[in-house]
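Everything below concerns the one structure shown next.
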Amino acid sequence: MGDENQKKFYKKVQLVTVNELGKIIYSDANLFSWNVNDSIYEAHPFFSIIESLKEAVSAQENEFTFPCVHLKEGKEASRICDVTFTVSYGEINIVIFDYTQAYLDLNKISQERNESIIKAQELEFTNRLLIEKENFKNDFIASINHELTTPLTSVKGFIELLEKTNLDYEQEELVKIIKTESDHLQNIFGDMFDISRIESGGFKLEEETFNLKELFSTIVNSNKGPIEKQALNFKTEIDNKLNAELIGDKTRLYQIISNLISNALKYTDEGFIKFSINRLSGKSSKQQIAIVVEDSGIGISEEDKAAIFESFSQLNPNIKGSGLGLNIVRSLVSLMEGEILLESKVGVGSKFTVVLSLKNASGEETEEVKHHYELPKGKKYRILVVENQLNTQYLLLKILLAQGSFFVDAVSSAEAAIKAIENREYKLIISDIKLDELTGFQLAQRIRNQYGDVAIKNIPILGISALRAPNMTNKAIAAGMDAFLSKPFSEKQLLQKVNRLIYLANHK
Amino acid sequence: MIKLSKKVALVGSFGVGKTSLFRRFIDNEFSTDYKSTLGVQIQKKVITMDNGIELSMILWDTEGHENISEGRSSYLIGSHAFVYVFDITRIDTYKEINTQIEFLKNHFPNAVIKIVGNKLDAVSKKKAIETLKEYSVQYDYLTSAKTGDYVEELFADIAVDVTN
Ligand SMILES: Nc1nc2c(ncn2[C@@H]2O[C@H](COP(=O)(O)OP(=O)(O)OP(=O)(O)O)[C@@H](O)[C@H]2O)c(=O)[nH]1
Ligand SMILES: [Mg+2]
């Protein structure tokens, strides 16, 4: 080793000797300028470790090395050193190696490695929180929806009953307002629930055969009134080239179009609303259609176009609506693998075009025959109502008794229902799904499986529920029920189902 | 006046906030930048306790390791207390915490051990408690070096325990 090199090397090493009290008795001051006679404990808090080393020393071990220690003197930058203590009787020799540069180089590697692991681990946790939040939100919405729907069912039912009493003009007007408002409320709940289900992925489209022309007429008929009432011209048009028998989710298609029309209605004060369905192209298996809803309303500015499909966006806060309708439209269209286009000009109007590719239904008709089931006059049928919500129970009783063709018994649990059917013959059971002990599904399963007596075993069962879980109808059928009606329902809907079930049972 | 000197070592996985707690306690400072600690840095903080004892806490801020036995064992020598720090927002820093604590208890049966979940500010307290319960983590403190929450309390508690 040449002289120069030797010097360099020594500059990196310091030798210090202290006595058992920690007083420095030798120091070469190569790295730190600690003075003889000073206390090593004052030099740096690190050296207080010497106290522990004196205790730890043994015949086998008297040398202790501390790698990579940051040592600092006054205002100078830290040196990163390896420090070795040799503890012998009466004195301690300390060798300090300065490896600052080598350690700093090493640090870059561990810094990068640590950072990337930390990032990944934090992300994992964030995802976990997001999932939990999302689940909570969806569960919350689903359960709150149930809590809200049940009383709303009663409210709507009683409004219908109230309408039939002797009302003076003013009262009649007030009842109308209550009715509109509760319909509106019901729509908001429905929208809320749909969005949470779509967002959580718990939403499935049905595949059923339907007739597009019929759907078109239904929509035209139900929107005609409200549109013409606002003195707007309702133009409608359906392409003759369309093959009307299609497979898809009719209910959701109806919802898409209704939402677009009611959106148009909200923003159009004069002029027209135009609803048309066109055939764009078609193969033997599939057909591409365009559903167009156009209006001469206030229009949508360029900036607002992007926001219009977002949840809760409402361009005009004075306009009634949940603001959720277009969000649902966009989500449903994308679930159907379709596209939605918006053309609009402020002050001129807007045009929404939904392009969908729908499967053609194969030749044989599966269309349900529209039938009006009328029960023979003068005959009375006994119905058992199983419902633990007293308001709903009362409502069902009032509607059914008002027909004059039913005897009605009401119980509030599945257990009581079982007792009742064993003692009396019923032509129909209307059962809530969410009962206290046994559910309506379990009740249906028992009736179907545990009785040899066909008068019990085959009683038609109509399930009703405010639970807005997916596929309730399928679940009800799977449990052995014959039909399902979701709350809130209208008097008409209820009576249609009741009459049909009793009629079919009597005409087997 | 009684003067005492006690060594307190901060240990735990990397990036959990050992250096941040150390700096918050000593200088009442915090930085959002992460500079992984290399080896060990040592500083002293003198505190006067209610019972009149003047305690020199010699704080050893060690570099983090997922597994304590992977770290440099000499850093642990002579510790009167260990602060085992984990990061509430990273499950990997506490899902096997019991093994780590057992290691310390076996090798340092007389040392005080405080288990500390840090970065409390980054998550709701409710969520933190639920998650830690799910992983059966027995902690002594939930702190935030960022806001300073429970940092004083932690070290004051250690001071009492190491002087008893
Ligand atoms: N939000 C938040 N961030 C924190 C807190 N404590 C530390 N951090 C951040 O977490 C990162 C790591 O903090 P450090 O204190 O360097 O962690 P360490 O345990 O010393 O890491 P190593 O030295 O590598 O073992 C830094 O970016 C800090 O700013 C805290 O209480 N809250
Ligand atoms: Mg650190």
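Note that the structure is a prediction, hence the values are computed from the model and not measured. Labels below follow one simple rule: chain letters A, B, ... track the order of the sequence lines, proteins then strands, and each chain is numbered from 1.
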Contact class of [X] relative to chain A, heavy atoms under 4.5 angstrom:
{"X": "B/Lys119", "value": "side chain"}
{"X": "B/Gln43", "value": "backbone"}
{"X": "B/Val16", "value": "neither"}
{"X": "B/Thr93", "value": "side chain"}

Taking the side chain as every heavy atom from C-beta outward, state whether [X] and [Y] have any pair of such atoms under 4.5 Å apart.
{"X": "B/Thr89", "Y": "A/Gln121", "value": "no"}
{"X": "B/Val40", "Y": "A/Phe46", "value": "no"}
{"X": "B/Trp60", "Y": "A/Pro45", "value": "no"}
{"X": "B/Ile91", "Y": "A/Arg128", "value": "yes"}
{"X": "A/Arg113", "Y": "B/Phe14", "value": "yes"}
{"X": "B/Lys7", "Y": "A/Ser48", "value": "no"}

Tell me, yes or no, whether the heavy-atom count around [X] atom [atom1], taken from other residues, nucleotides or ligands under 6.0 Å, exceeds 12.
{"X": "B/Lys105", "atom1": "NZ", "result": "no"}
{"X": "B/Tyr150", "atom1": "OH", "result": "no"}
{"X": "A/Glu437", "atom1": "CD", "result": "no"}
{"X": "B/Asp50", "atom1": "CG", "result": "no"}
{"X": "A/Glu20", "atom1": "CD", "result": "no"}
{"X": "B/Gln138", "atom1": "CD", "result": "no"}
{"X": "A/Phe140", "atom1": "CZ", "result": "no"}
{"X": "B/Ile2", "atom1": "CD1", "result": "no"}

[X] side, atom [atom1]; [Y] side, atom [atom2] - distance, nearest 0.5 Å:
{"X": "B/Ser79", "Y": "A/Ile49", "atom1": "OG", "atom2": "CD1", "answer": "7.0 Å"}
{"X": "B/Ser73", "Y": "A/Phe66", "atom1": "OG", "atom2": "CZ", "answer": "9.0 Å"}
{"X": "B/Arg90", "Y": "A/Ile117", "atom1": "CZ", "atom2": "CD1", "answer": "8.5 Å"}
{"X": "B/Ser13", "Y": "A/Ile118", "atom1": "OG", "atom2": "CD1", "answer": "7.5 Å"}
{"X": "A/Phe125", "Y": "B/Asp92", "atom1": "CZ", "atom2": "CG", "answer": "11.5 Å"}

query = So which of A/Gln111, A/Glu55, A/Glu115, A/Glu51 has the largest heavy-atom pair count under 4.5 angstrom toward chain B?
reply = A/Gln111
Checking heavy atoms, do the side chain of [X], its backbone, both or neither come under 4.5 Å from chain B?
{"X": "A/Leu123", "answer": "neither"}
{"X": "A/Glu122", "answer": "both"}
{"X": "A/Ile80", "answer": "side chain"}
{"X": "A/Leu53", "answer": "side chain"}

task = Please report the closest heavy-atom contact between A/His70 and B/Leu38, naming both atoms and the distance.
result = NE2-O, 2.6 Å
ask   = Do the charged groups of B/Lys44 and A/Glu42 touch, with an N to O distance under 4.0 Å?
value = no
Lys/Arg-Asp/Glu bridge criterion (N-O < 4.0 Å) met for A/Glu132, B/Lys127 = yes
ask   = Counting only N and O atoms by type, is there a donor-acceptor contact under 3.5 Å from the side chain of B/Tyr34 to the main-chain atoms of A/Asn114?
value = no
B/Ser74 side chain vs A/Thr65 backbone, donor-acceptor pair below 3.5 Å = yes
task = With a 4.5 Å cut-off on heavy-atom pairs, point out which of B/Thr37, B/Ile58, B/Leu59 contacts chain A the most.
result = B/Ile58
